[in-house]
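In what follows, a single structure is set out as structure tokens and then discussed.
Computed from a predicted model, the values in this text were never measured in an experiment. In listed order, ligands and their atoms are each counted from 1.
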Amino acid sequence: MSTLENKVAVVTGGSRGIGRAIALELARQGAAVVVNYNKSPEQAEAVVNEIKAAGGKASACQADVSDFEQASNLIKHAIETFGDLHILVNNAGITRDGLIMMMSVDDWNAVIDTNLRSTFNCSKVAVRHMMKKRWGRIVNISSVSGQMGNPGQTNYSASKAGQIGFTKALAREVASRNVTVNAIAPGFVDTEILDAMSPEILEAALKMVPMGRKAEPEEIAYAVAFLVAEQAGYITGQVLAVDGGMAMM
Ligand code: NAP
């Protein structure tokens with residue numbers, strides 16, 4: 001029997017990049033997966049079709065998770081479609097980089113809302129169900145930028161550091177109900193989000209990585225699968241770095 005057989009998972013931003021890899025890995029391990037997307041319906045459907053073709057269960061669900069009502073509907077969709085909810089991966093995220101002198105209020109708000117407010121929105125609704133059922137796993141995809149700070153990313157670093165504080169506070173609130181809340185702090189991962197960085201800056205940044213390379217999305221997905229397993233039930237409030245040795249807190 002696979003580790004995640006009979007479990008239901010929601011992956012926000014599951015249409016592309018890291019979220020796609022997480023959705024595929026959780027499904028491979030037996031979970032029924034709701035693949036959330038905002039603007040990429042074809043890519044989300046492709047992930048769902050890939051899961052179904054391999055014999056798994058999946059459903060795509062459009063929701064802008066920065067909006068509370070849409071995030072609530074996403075969680076409801078999972079419970080209505082698959083009858084339960086055990087795993088929430090708050091993965092949806094964006095960057096709008098710029099030095100603070102140049103950063104618009106809109107760029108600040110968009111990043112905080114998409115990366116941090118969404119984490120609150122989805123967790124608030126999901127945790128209610130998980131607490132009643134006395135079983136749950138929440139994994140927040142933070143970033144090394146939230147731990148170390150990154151120039152040109154005050155908005156992004158603040159959102160990712162915020163997710164870490166949120167993880168620890170919520171972990172303490174819900175531990176007695178057998179719900180764990182953890183974060184993963186990836187370093188540089190080979191996805192479209194890195195397209196915003198110039199090749200020169202990326203090359204310089206990779207010099208700070210002891211492993212000397214970017215991660216593959218599947219390497220983050222593997223860490224998520226570890227944290228949501230039944231056997232990880234005593235791990236909560238932690239930040240697992242998957243960064244090639246970049247931060248070493
Ligand atoms: P990506 O390839 O750009 O994918 C971003 C995903 O987020 C897409 O599926 C996108 O869906 C979704 N999304 C964006 N805004 C959304 C919204 N308002 N509502 C719902 N979904 C939304 O990025 P990625 O690299 O996979 O990043 C995934 C997470 O990992 C992010 O939280 C990011 O901060 C974090 N991370 C990435 C790296 C890296 O180097 N790649 C490093 C550290 C942390 P649509 O296309 O449908 O809009």
* Leu194 to ligand 1, any heavy atom closer than 4.0 Å -> yes
* Asked: What do you reckon, does Ala215 put a non-hydrogen atom under 4.0 Å from ligand 1?
  -> no
* Tell me which part of Gln43 gets within contact of ligand 1: side chain, backbone, both or neither, using heavy atoms under 4.0 Å. => neither
* Asked: For ligand 1, is there an atom lying under 4.0 Å from some heavy atom of Gln62?
  -> no
* Quick one: CD on Gln29 to CG on Leu24, what's the gap to the nearest 0.5 Å? -> 12.0 Å
* Asked: Between Phe120 and Phe166, how do the two ring planes meet: parallel, tilted or perpendicular, split at 30° and 60°?
  -> perpendicular
* Is the closest heavy atom of Ser118 to ligand 1 under 4.0 Å? -> no
* To do: Would you check whether Tyr37 has a nitrogen or oxygen atom less than 3.5 angstrom from a nitrogen or oxygen atom of ligand 1?
  => no
* Asked: Does ligand 1 have an atom under 4.0 Å from some heavy atom of Ala185?
  -> no
* Between Val65 and ligand 1, is there a nitrogen or oxygen pair with a distance under 3.5 Å? -> yes
* Compute the minimum heavy-atom distance from Thr114 to ligand 1 and say whether it is under 4.0 Å. => yes
* **Option nearest atom 31 (C) of ligand 1 (shortest heavy-atom distance, choices Asn91, Ile141, Val11, Asp67)** => Asn91
* Less than 4.5 Å apart, any side-chain heavy atom of Asn115 and any of Ile94? -> yes
* **Ser143, any N or O under 3.5 Å of ligand 1 N or O** => no
* Asked: Should Arg28 and Glu218 count as an ion pair when the cut-off is N to O under 4.0 Å?
  -> no
* Using distance alone, decide if ligand 1 has a nitrogen or oxygen within less than 3.5 Å of any nitrogen or oxygen in Val189. => yes
